[in-house]
Engineer: 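One structure, as structure tokens, below. Some questions next.
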Amino acid sequence: MIKKNIIDYLSKDSKFRSLFKKNFITRFSPEPNGCLHLGHVKSIWVNCSLAKVLNGNCYIRFDDTNPIKENKIYITSVLEDIHWLGLKLKNINYASNYFNKLFEWALLLIKQGKAYIDDLSISEIKQYRGDFKSVGYNSPYRKRNIKDNIFFFKKMYKGFVKEGKKVLRAKIDMNSKNINLRDPIMYRIINVYHYRTGNYWKIYPSYDFTHGQSDMLEGITHSICTLEFETNRYLYQWFLKNIFNDYFKYPKQIEFSRMNISFSLTSKRKIKLLIDKNFIFGWDDPRLSTISGMRRRGYTPTSLKNLCKITGITRSNNNIDIHLQYYAIRSDLENKVIRVMCVINPIKLILTNLIVDYEEIITVKNHPFIEMGARSMYFNREIWIDLKDFNNKQNLFRLSKGKNVRLRHSYIIKCKKFVFFKNEQIKEIQGIVYLNSKHKNLEGKILKGVIHWVSVKHSVPVLIRLYNTLLHKNIVNNNSFFFTDSIGEPIFSHIKPETRVQFERIGFFCADRYDFNKTNFVFNEIISLKTFI
RNA sequence: UGGGGUAUAGCCAAGUGGUAAGGCACCGGUUUUUGGUAUCGGCAUCCCAGGUUCAACUCCUGGUACCCCAGCCA
């Protein structure tokens, strides 16, 4: 159990175990029945980093004991996600590799009189189990003799018994206060194709009967899992004790609380529902907290791992403020990506004191103080600026009639007039440029406003996808996705999909993994700047 | 309701008898050609009530709130 600092706690335990020559070994054991999400990242991270700190190893084992739900496609997807995360998992194991051993151990328990074949139906078993208020009572088949138990178990194994007709149960204690110990199911009959073992098995072991023994087999020393398995721990230990003799080799189950992030969705069932209703586009929808979704959105592996680190490992229920997630990605991207300009709501600004074909090339650094090279920006008579930067209310930071503002990396301009369409929508802005203000201030003029811009002549169309949280006040947010045609600098033809950039004064964006190409500049908003236009 | 857990600021989270770390968020100052970044400062007496002690977030007693367990899921 985690009492205080888990590293201290495990260090001591690890030291204790090292007396018996055991390394510290953990494992990540996903069930191959869906995509990995942020919660899994936490689990992988906890297992890996603990192993790293304590000079051990972390393995991966697919918990594939339920062929009805599991599928090969998830193996590939899980492995790809972990690879992308960049966390090293040693050995790839499968619980299904141990089906033979498990079967033998089940037989062993039967022979010792510690397991029996039960003919009760699902509803009868449920009824016999009792509930929180009442104890359970013994199945009439509980005292079936060992010989018959072996006979029927083998019959089940050979596929001679129909699904649901018989089941193998551990003979523990129907009066136990821990309901998990009221003769739990060890094997059930499932006669369907398994993606690894094919049609060989007609019976499959339960999670409880599989997990501990698999850990033991692999030499796992610490089986770290989430809090919902707390009461299963006693069962985990029971199987170990009744199958193996060497106490000092028993793996130890330790629980910690799962990571919950506000306004995020990780439930497989709910995600599926949203996909079916066409509310989101798939498992890698950038609004999702699945690894593939976050990757597509533009989150970095570092930011995800850092999020795990700064949220800690405890046993208390948590609901982490999504700002921590935002902080993790912003701080990672801050000094790692280039900064360019993109105008999201373009409005034309005409600088009337320039000649029609005025053109000047301005060299601009790609990052203010990290060496990331430089690029050329073209300065012409007609430029695009953002409509949001035009503000009639004499805002200190924005452009309004008669006011000066600086064009980022270039000159100070003044707004002279604006032209409206008939419907009162603004059509264009006219202004003048102070050609003596490049890289310096005009005398006596203190400027607060700096706005971004792109030359009309030298620009490219860009598709911007903007996101809000998927949930809003715990219900699905109808305004979680927008897309807008925008205008950016010409350098986008040189970047690859999944490249991350900062659009100055707006936020961090990522060239879409699938939709971005040399002729179609599609960007996903990763995260806005802390205050943005 | 039985059993198993958890309670420290708006959100995470250190802390194991010597007088409440840190991060996020928020608020304010400085720097700044991004309302960004950086930087400086502000921001809790520890679920409640008793008790033990020179001294309690830490120990004891009694409460309260929330989470997990009654799948042939994991």
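Naming: A, B, ... by sequence-line order, numbering from 1 per chain. What you see is a predicted model, and the numbers here were worked out from it, not measured in a lab.
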Engineer: For the ring pair Phe229(A) and Tyr236(A), is the centre-to-centre distance below 6.0 Å?
Structural biologist: no

Engineer: How would RNA chain B look in dot-bracket form, 5' to 3', counting Watson-Crick and G-U wobble pairs with both distances under 3.5 Å and writing | for bases paired to another strand?
Structural biologist: .(((((((.[[[..)..(...]]].(((((.......)))))....[[[[[..)....]]]]])))))).....

Engineer: Would you tabulate the nitrogen or oxygen pairs shorter than 3.5 Å linking the protein to nucleotides 42-48 of chain B?
Structural biologist:
none

Engineer: Arg297(A): what forms a side-chain contact (heavy atoms from CB on, under 4.5 Å) with it, not counting sequence neighbours?
Structural biologist: Pro286(A), Tyr299(A), Tyr467(A)

Engineer: Of all of residues 186-195 of chain A, which get a heavy atom below 4.0 angstrom from RNA chain B, listed by number?
Structural biologist: Arg188(A)

Engineer: Roughly how many Å apart are rU58(B) and rG15(B), using the P atom of each and rounding to a whole number?
Structural biologist: 16 Å

Engineer: Should rG71(B) be called syn or anti, with syn set as within 90° of 0?
Structural biologist: syn

Engineer: On a whole-Å scale, what distance lies between the C1' atoms belonging to rC24(B) and rG42(B)?
Structural biologist: 16 Å

Engineer: Please determine which of Tyr195(A), Tyr157(A), Tyr193(A), Tyr187(A) meets the ring-ring contact (aromatic ring centres under 6.0 Å, His included) test together with Trp201(A).
Structural biologist: Tyr157(A)

Engineer: Tell me whether Phe132(A) and rG2(B) count as stacked here, given that the ring centres must be under 5.5 Å apart and the planes must differ by less than 30 degrees.
Structural biologist: yes

Engineer: Hey, which sits more toward the 5' end of RNA chain B by its nearest nucleotide, Asn180(A) or Asn232(A)?
Structural biologist: Asn180(A)

Engineer: Could you give the distance separating rU1(B) and rC69(B) at their C1' atoms, to the nearest angstrom?
Structural biologist: 14 Å

Engineer: Would you mind listing every salt bridge (charged side-chain N to carboxylate O under 4.0 Å, His left out) that reaches into residues 201-217 of chain A, with sequence neighbours excluded?
Structural biologist: Arg61(A)-Asp215(A)

Engineer: List for me each residue that meets side-chain contact (heavy atoms from CB on, under 4.5 Å) alongside Ser121(A), sequence neighbours excluded, and say none if there are none.
Structural biologist: Ser123(A), Glu124(A)

Engineer: Using atom P in both nucleotides, what's the gap between rA9(B) and rA74(B) to the nearest angstrom?
Structural biologist: 38 Å

